[in-house]
Amino acid sequence: MIEILNPADLLRARDTGALVADILRTLKSRSVVGTNLLEIDRWAHQMIVEAGAQSCYVDYEPSFGRGPFGHYICTSVNDAVLHGLPHDYPLADGDLLSLDLAVSLGGVVADSAISFVVGDTPSPESVALIDATERALAAGIAAAGPGARVGDISYAIGSVLGAAGYPINTEFGGHGVGSTMHQDPHVSNTGRPGRGYRLRPGLLLALEPWIMADTAELVTDRDGWTLRSVTGCRTAHSEHTIAITDDGAEVMTLPK
């Protein structure tokens, strides 16, 4: 399903996106050496409830996961890149942490992810990984606009990641959002320009470049959810929800 939002829904999408961004910003500020991933999950739950929003994750049960996710945020550390299931783990100095959050507010979903290094000793490898995903995300946003095609976004993202020397996995990527979290169209993190669905004003897309330092192959953790690099290398993930407008792309998941 591809859902085109009306102007009233787009206004609600801005509120949802700002909430997601504010929660992620708060969680980043609280994520210090010694913070437990389960604490982060509890904080996310509390802020979602206080805002009158609903989690898109806690009851989520797709074909690629083992049962309902059962938590409120994805917490992926170091070699974990996607769908990190919160568990009893205290963060260490130098850990690369990715937080991925999707909530629904007023019937409209927003989805965003950030990656950052915990503590005061970020490795050059971690900094480079995060920088590549952020630059790729910016390129994808710049390529989005009415009349452009999904392939234009994929090409822009893949060009940045490829130029930085990172392998690109195409099993998981960006996607449409709206009244539900995962919708068509799929937005691969590499592709050919001029191909795919033509973008229309009112379309919400979650763009999410993610990479692993030296492999494109994933392995699923024993928890049935967390996706890790098969080599154990470090990973990073950046994501924004954008709205296609008459003038281009508007980023929904920015703090107020």
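Cluster annotation: Val20 and Tyr57 are assigned to distinct hydrophobic clusters (Ile/Leu/Val/Met/Phe/Trp/Tyr, side-chain heavy-atom contacts under 4.5 Å, transitive). Linking Ile, Leu, Val, Met, Phe, Trp and Tyr whenever their side-chain heavy atoms come within less than 4.5 Å puts Ile153 and Ile2 in one cluster. There is a path of hydrophobic side-chain contacts, each under 4.5 Å, that joins Val77 to Val118. By the rule that hydrophobic residues join a cluster once side-chain heavy atoms approach within less than 4.5 Å of another member, Met47 and Leu101 end up as members of one cluster. If you chain together hydrophobic residues whose side chains sit under 4.5 Å apart, Ile168 and Leu129 fall into the same group.
For Tyr72, the ring pair (Phe, Tyr, Trp, His ring centres under 6.0 Å) criterion is met by His45, not counting sequence neighbours. Not a single side chain to side chain donor-acceptor pair (under 3.5 Å) links Thr75 to another residue, sequence neighbours left out. Under the salt bridge (Lys or Arg N to Asp or Glu O under 4.0 Å) criterion, Arg149 pairs with no residue, sequence neighbours left out.
Closest heavy-atom contact between Ala213 and Cys233: N-SG, 3.4 Å. The shortest non-hydrogen separation linking Ala102 to Met181 is CB-SD, 3.5 Å.
Under the 4.5 Å side-chain criterion, counting only non-hydrogen atoms from C-beta, Val58 is not in contact with Tyr60. Taking 4.5 Å as the limit, some side-chain heavy atom of Pro86 sits within range of a side-chain heavy atom of Phe69. Using a 4.5 Å heavy-atom cutoff, the side chains of Ser112 and Leu24 are in contact. The shortest side-chain heavy-atom distance between Phe116 and Leu99 falls under the 4.5 Å cut-off. Taking the side chain as every heavy atom from C-beta outward, Ser76 and Thr235 never approach each other to under 4.5 Å. Side-chain atoms of Leu38 and His71, non-hydrogen and from C-beta on, do get closer than 4.5 Å to each other. Residues Thr220 and Arg66 form no side-chain contact, since every pair of their non-hydrogen atoms from C-beta on lies 4.5 Å or further apart. At a threshold of 4.5 Å between non-hydrogen side-chain atoms, the residues Ile73 and Ile48 do not count as touching.
In this structure, Glu239 CD and Leu205 CG are separated by 11.0 Å, a value rounded to the nearest 0.5 Å. Summarising the geometry, atom CG belonging to Leu207 is positioned 9.0 Å from atom NE2 belonging to His175; distances are rounded to the nearest 0.5 Å. Rounding to the nearest 0.5 Å places CD1 of Ile130 at 4.0 Å from CG of Leu96. A distance of 3.5 Å separates OG of Ser31 from CD1 of Ile40, quoted to the nearest 0.5 Å. The CD1 atom of Ile23 sits 9.5 Å away from the CD atom of Glu50 when rounded to the nearest 0.5 Å. A distance of 5.0 Å separates CG in Asp100 from NE2 in His237, rounded to the nearest 0.5 Å.
Side chain of Thr16 to main chain of Val108: a donor-acceptor pair is present (N/O by atom type, distance under 3.5 Å, no hydrogens or angles). A donor-acceptor distance shorter than 3.5 angstrom exists from the side chain of Asp152 to the backbone of Gly194, with no hydrogens or angles considered. Of the possible polar contacts, one joining the Asp184 side chain to the Met1 backbone as a donor-acceptor pair under 3.5 Å is found. Side chain of Thr35 to main chain of Leu91: no donor-acceptor pair is present (N/O by atom type, distance under 3.5 Å, no hydrogens or angles).
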Is there a side-chain contact (heavy atoms from CB on, under 4.5 Å) between Phe172 and His83 once you walk through the steps? CA-CA 11 Å; Phe172 296 91; His83 312 155; 3.7 Å; yes
For the pair Leu137 and His240, evaluate side-chain contact (heavy atoms from CB on, under 4.5 Å) and give the outcome as yes or no after the intermediate values. CA-CA 8 Å; Leu137 180 56; His240 272 311; 3.6 Å; yes
Verdict with reasoning, Arg12 to Asp9, per salt bridge (Lys or Arg N to Asp or Glu O under 4.0 Å): CA-CA 5 Å; Arg12 285 191 284 272; Asp9 287 335; 2.4 Å; yes
When you look at Asn36 and Asp88, which way does the side-chain contact (heavy atoms from CB on, under 4.5 Å) test go after all the steps? CA-CA 6 Å; Asn36 195 291; Asp88 184 12; 2.6 Å; yes
Going through the distances and angles, do Val103 and Val109 end up as a side-chain contact (heavy atoms from CB on, under 4.5 Å)? CA-CA 6 Å; Val103 304; Val109 170; over 6 Å; no
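One finds a salt bridge joining Asp22 and Arg25 here, because a Lys/Arg side-chain nitrogen approaches an Asp/Glu carboxylate oxygen to under 4.0 Å.
A donor-acceptor contact closer than 3.5 angstrom links the side chains of Ser238 and Thr133.
Applying the salt bridge (charged side-chain N to carboxylate O under 4.0 Å, His left out) test to pairs two or more places apart or on separate chains, none has a residue in residues 112-128. Contacts classified as salt bridge (charged side-chain N to carboxylate O under 4.0 Å, His left out) and involving residues 104-113 (residues at least two apart or in different chains) are not found.
Applying the 6.0 Å contact sphere to CZ of Arg200 captures no more than 12 heavy atoms from other residues, nucleotides or ligands.
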Please tabulate, for the side chains in residues 185-193, all donor-acceptor contacts under 3.5 angstrom to protein atoms that are two or more places apart in sequence or on a different chain.
from: Ser188; atom 1: OG; to: Thr190; atom 2: N; distance (Å): 3.3
from: Ser188; atom 1: OG; to: Thr190; atom 2: O; distance (Å): 2.9
from: Asn189; atom 1: ND2; to: Glu208; atom 2: O; distance (Å): 3.1

